[in-house]
There are 2 protein chains.
Amino acid sequence: MREGPDIARIASLVGDPARANMLNALMGGTALTASELALEAGVSLPTASSHLSKLMEGGLLTLASQGRHRYYGLASAQVAGMIEAIIGVAEAVGPKRVRPGPRDAAMRVARVCYDHLAGEQAVAMLDRLFDRKLLLREDNEIRLSSSGAAHFSALGIGIQAKARRPVCRACLDWSVRRSHLAGTLGAAILDKIIAEKWARREKDSRAVVFSPGGKREFEKVFLS
Amino acid sequence: MREGPDIARIASLVGDPARANMLNALMGGTALTASELALEAGVSLPTASSHLSKLMEGGLLTLASQGRHRYYGLASAQVAGMIEAIIGVAEAVGPKRVRPGPRDAAMRVARVCYDHLAGEQAVAMLDRLFDRKLLLREDNEIRLSSSGAAHFSALGIGIQAKARRPVCRACLDWSVRRSHLAGTLGAAILDKIIAEKWARREKDSRAVVFSPGGKREFEKVFLS
DNA sequence: CGCATGGTTCGATCCTCATCGAAGCATTCC
DNA sequence: GGAATGCTTCGATGAGGATCGAACCATGCG
């Protein structure tokens with residue numbers, strides 16, 4: 001009977017259906033409140049609260065208090081990666097499900113992830129930015145090329161780095177399961193999409209809906 | 001309350017301490033019998049058997065029956081990857097451990113894996129045997145070269161194949177995460193190391209401790 | 001202030017599941 | 001064949017933990 005890192009403890013945290021649903025909901029990348037998570041998990045508020053404190057104690061979540069709201073989010077990319085891995089095995093083993101991620105079609109196409117764009121459109125955009133060498137892959141990081149810097153400046157998209165936050169960062173897409181662009185540049189691009197009125201945020205949802213004309217413009221600028 | 005792939009089911013399989021210990025033991029890459037796993041997990045044979053059937057049903061293990069022995073192994077690299085990910089989080093969260101695999105330094109250097117040598121020494125040895133062309137890589141298998149056969153015979157190391165068991169087999173090292181040598185040759189080499197008193201097995205542990213002189217001899221014969 | 005809203009803590013209940021001894025199969029060895 | 005070994009199944013026991021209602025804090029609003 002050997003004693004390693006306490007893998008059973010971590011796994012059992014994910015092993016409860018209510019907690020698994022909560023973590024799954026948080027895979028979208030946005031932090032959620034206790035009541036929202038209770039709804040997602042299908043349990044009462046006290047029960048959810050109990051689960052959340054366990055997940056906190058296990059180090060799987062972070063907490064940001066804002067007024068009387070308390071926003072829970074995944075603690076790290078490592079935790080998200082672990083859940084991805086578990087989901088992968090679950091999908092391989094149980095041949096039940098068809099599509100991962102949000103069931104809502106609009107959410108799969110485009111949605112907000114924290115402060116940047118996610119979904120099929122966002123994944124396609126990152127692919128194109130690599131193709132056009134505006135961004136460069138470096139190990140596991142993403143770097144802005146000199147031509148990319150010029151390009152985004154010309155579009156009026158600011159790219160100054162803030163403290164501790166990189167300009168470009170890969171963020172694993174919940175529904176597509178491939179990376180999209182995060183970081184200050186990712187956020188600035190979403191800002192521009194909203195400012196230009198190419199798309200608007202759906203009310204009470206993270207979905208981002210493009211107008212017909214806006215979609216054309218977006219594709220011309222980012223997907224051509 | 002969304003319904004995804006049954007992630008809670010998979011995670012809860014890993015979430016039991018006994019099962020976690022078993023899976024952890026199987027991360028070494030060698031398939032183990034039910035009794036060995038019961039020992040690793042610190043539970044009785046019936047309990048272990050019950051856990052193993054659950055892991056089988058969950059698709060996490062494969063089973064190879066050989067006579068009255070039943071060898072359990074991890075079902076896939078994907079499953080191993082998932083466990084790696086969970087271990088990673090557990091290590092990041094619990095600030096206790098630093099390195100993956102056995103915590104004991106002696107265990108990392110050299111230990112017994114089933115019936116052959118594992119650990120840094122064993123991985124280095126296999127590297128050298130390849131370099132010296134005493135062993136040859138063939139696809140995913142390892143073959144003894146003619147010069148190798150002569151070499152080991154001269155050392156008094158028997159190399160006859162037993163039924164169903166290959167002379168050479170690669171075995172993924174638990175701590176180093178690279179292959180070391182298993183099979184009848186791997187076992188015979190460990191036998192020689194013990195017989196020559198170059199090293200002894202630590203009591204109640206899988207660690208193998210070399211004596212100063214024995215280490216020199218071993219390095220002269222296998223690492224030069 | 002007093003009320004409403006968002007969250008947590010407490011207590012009691014209930015149920016799943018891990019555990020092991022004993023008995024039952026299966027395979028191999030003599 | 002019989003005995004020994006390896007493993008699984010059965011049955012009974014027990015403990016941990018998920019759950020929710022009710023009560024309890026905290027923040028914000030008027």
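Protein chains get the first letters and strands the later ones, always in sequence-line order, with residue 1 at the start of each. No experiment lies behind these values; they were computed from the predicted model shown.
The phosphate of C:dT19 (OP1 or OP2) has a side-chain N or O of B:H51 nearer than 4.0 angstrom. Of the side-chain N and O atoms in B:R70, none sit less than 4.0 angstrom from OP1 or OP2 of C:dA26.
Taking atom NZ of residue A:K54 and atom P of nucleotide C:dT8, one finds them 14 Å apart after rounding to whole Å. In this structure, B:M56 atom CE and D:dT9 atom C1' are separated by 17 Å, rounded to whole Å. As rounded to whole Å, 14 Å separates atom P of C:dT19 from atom CG of B:L37. A:L39 places its CG atom 14 Å from the C1' atom of C:dG6, with the value rounded to the nearest Å. Rounded to an integer number of Å, the gap from A:L61 CG to C:dG7 P is 14 Å. Following rounding to the nearest Å, A:D16 (CG) and D:dG16 (P) show an atom-to-atom distance of 17 Å. Rounded to a whole Å, the CG atom of B:L52 is 17 Å from the P atom of C:dC17. Atom OH in A:Y72 sits roughly 4 Å away from atom P in C:dT8 (whole-Å rounding).
Residue contacts shown for A:T33 are limited to sugar-phosphate atoms, with no base heavy atom under 4.0 Å away. Note on B:A48: nothing from the nucleic acid sits closer than 4.0 angstrom, heavy atoms only.
Taking the side chain to side chain contact (heavy atoms under 4.5 Å, CB included) definition, one finds that B:A20 meets it with A:I7, A:A8, sequence neighbours left out. Partners of B:S44 by side chain to side chain contact (heavy atoms under 4.5 Å, CB included), not counting sequence neighbours, listed by chain and number: B:P46, B:T47. Taking B:S145 as the reference, B:L136, B:S147 meet the side chain to side chain contact (heavy atoms under 4.5 Å, CB included) condition, with sequence neighbours excluded. For B:S49, there are no side-chain hydrogen bond (donor to acceptor under 3.5 Å, both in side chains) partners two or more places apart in sequence or in a different chain. With sequence neighbours excluded, the residues that form a side chain to side chain contact (heavy atoms under 4.5 Å, CB included) with A:I157 are A:F152, A:L155, A:L185, A:A188, A:I189, A:K192, A:F222.
Using bins of under 30°, 30° to 60° and over 60° for the plane-to-plane angle, the ring pair A:W198/A:F218 lands in the perpendicular bin.
Residues in residues 50-64 of chain A take part in these side chain to side chain donor-acceptor pair (under 3.5 Å) pairs, two or more places apart or across chains: A:R19-A:H51.
Distance CZ/B:F130 to CE/B:M125: 10.5 Å, rounded to 0.5 Å. A distance of 9.0 Å separates CD of B:E120 from CZ of B:R111, quoted to the nearest 0.5 Å.
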Every protein N/O lying under 3.5 Å from an N/O of nucleotides 13-15 of chain D:
none

Between protein and nucleotides 20-23 of chain C, what N or O pairs are separated by less than 3.5 Å?
from: C:dC20; atom 1: OP2; to: B:S44; atom 2: N; distance (Å): 3.1
from: C:dC20; atom 1: OP2; to: B:S44; atom 2: OG; distance (Å): 3.2
from: C:dC20; atom 1: OP2; to: B:T47; atom 2: OG1; distance (Å): 2.9

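The side chain of A:S35 sits closest to C:dG6 out of C:dG6, D:dA18, C:dT19.
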